[in-house]
Protein chains: 2
Amino acid sequence: MSDFVHPRLTDVSLAAALHALADPVRLDMVATLAGSPDLNCAGTGACSVPKSTLSNHFKVLRNAGLIESRADGRDQRNRLRRAEFDARFPGLLDSVLANRPA
Amino acid sequence: MSDFVHPRLTDVSLAAALHALADPVRLDMVATLAGSPDLNCAGTGACSVPKSTLSNHFKVLRNAGLIESRADGRDQRNRLRRAEFDARFPGLLDSVLANRPA
DNA sequence: CCAGTTAGTTCAATAGTTCCGAACTATGAA
DNA sequence: TTCATAGTTCGGAACTATTGAACTAACTGG
């Protein structure tokens, strides 16, 4: 479970980053992680969707360089790679989060 | 050809807007329209893709409230709905365009 | 007016992606 | 060891995207 792949941010295209953010469930996940880092799956509050779907959403966010996942016992801890993402796409995540519906 | 449908910006979700922007061809189209308004299809420079695909990309951008299309003879004129889009999602388009690869 | 050309849409087929239940893996607790 | 929990993987169903071909409509030259 613990061999997570995290891309270099230089390898992430703008279109790929936007694609990862272009989903209501993933937007919620990112917003939650922006507020309180280091959550596990259940902690993202997106648990109306099935586990397998969530797992896939996490993979999409990882592949877009938005989050980093670590195994912690049988949980998975996730954090936003905010500094790196902001360095790669300045202002983008801020404006996306600011425009998210409350 | 000329019965284009343009949504109210209040009906456009953030996820839908991001989805429309999450494609390299559409990003090019939007960037081109941001630079020189009122282009037709051929003028967007995205002509490596076939006509039917382009036509579809224009529809996606229209449905996301990003562009307005008008028939002009046998051409189609398109402009960014920048003021309206910016009012709906402040700063979003700016940060996307600023992060586009040159 | 007519034939040809050009800009764009629509249709249908195919290719690719996403979703989600079921089965599986791995960790931890009793 | 046995049970429960957290998450992944697999595979099929549902959805989305891409594109050639056929079509529509408007302009152009004779």
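Since this is a predicted model, take the numbers as computed values, not measurements. Quick note on labels: first sequence line is chain A, next is B, and so on, each numbered from 1.
If you find the closest nucleotide of DNA chain C to A:Val60 and to B:Asn56, the one lying nearer the 5' end belongs to B:Asn56. Nearer the 5' end of DNA chain C, as judged by each residue's closest nucleotide, is the contact made by B:Lys59, out of A:His57 and B:Lys59.
The separation between B:Arg26 atom CZ and D:dT16 atom C1' is 11 Å, rounded to whole Å. B:Arg74 places its CZ atom 10 Å from the C1' atom of D:dA25, with the value rounded to the nearest Å. Rounded to a whole Å, the CG atom of A:Asp23 is 9 Å from the P atom of C:dT18. Atom CZ in B:Phe58 sits about 8 Å away from atom P in C:dT9, given to the nearest Å. As rounded to whole Å, 10 Å separates atom P of C:dT9 from atom CG of B:Asp3. Between the CZ atom of A:Arg77 and the P atom of C:dT27 there is a distance of 16 Å, rounded to whole Å. Atom-to-atom, CG of B:Asp75 to P of D:dA26 comes out at 12 Å; the value is rounded to the nearest Å. Between B:Phe4 atom CZ and D:dA25 atom C1' the separation is 12 Å, expressed in whole Å.
When the side-chain nitrogen and oxygen atoms of A:His19 are compared with OP1 and OP2 of C:dT18, one or more of them lie within a distance under 4.0 Å. Phosphate contact (OP1/OP2 of D:dT19, side-chain N/O of B:Thr53, threshold under 4.0 Å): present. Note on B:Gln76: a side-chain N or O is less than 4.0 Å away from OP1 or OP2 of C:dT9.
Looking at every heavy atom in both residues, A:Leu27 comes nearest to A:Arg100 through O-CD, 3.9 Å.
Salt-bridge annotation for B:Glu68 and B:Arg79: present, with a side-chain N of the basic residue lying under 4.0 Å from a carboxylate O of the acidic one. Between A:Asp75 and A:Arg77 there is a salt bridge, since at least one side-chain N of the basic residue sits less than 4.0 Å from a carboxylate O of the acidic one. Between B:Arg82 and B:Asp94 there is a salt bridge, since a side-chain N of the basic residue sits under 4.0 Å from a carboxylate O of the acidic one.
One N or O donor and one acceptor, one from the side chain of B:Ser52 and one from the base of D:dG20, sit under 3.5 Å apart.
Under the 3.5 Å distance criterion, the side-chain polar atoms of B:Asn99 are matched with a main-chain donor or acceptor of A:Pro90.
Residue A:Ser55 places its side chain closer to D:dT8 than to any other of C:dT10, D:dG7, D:dT8.
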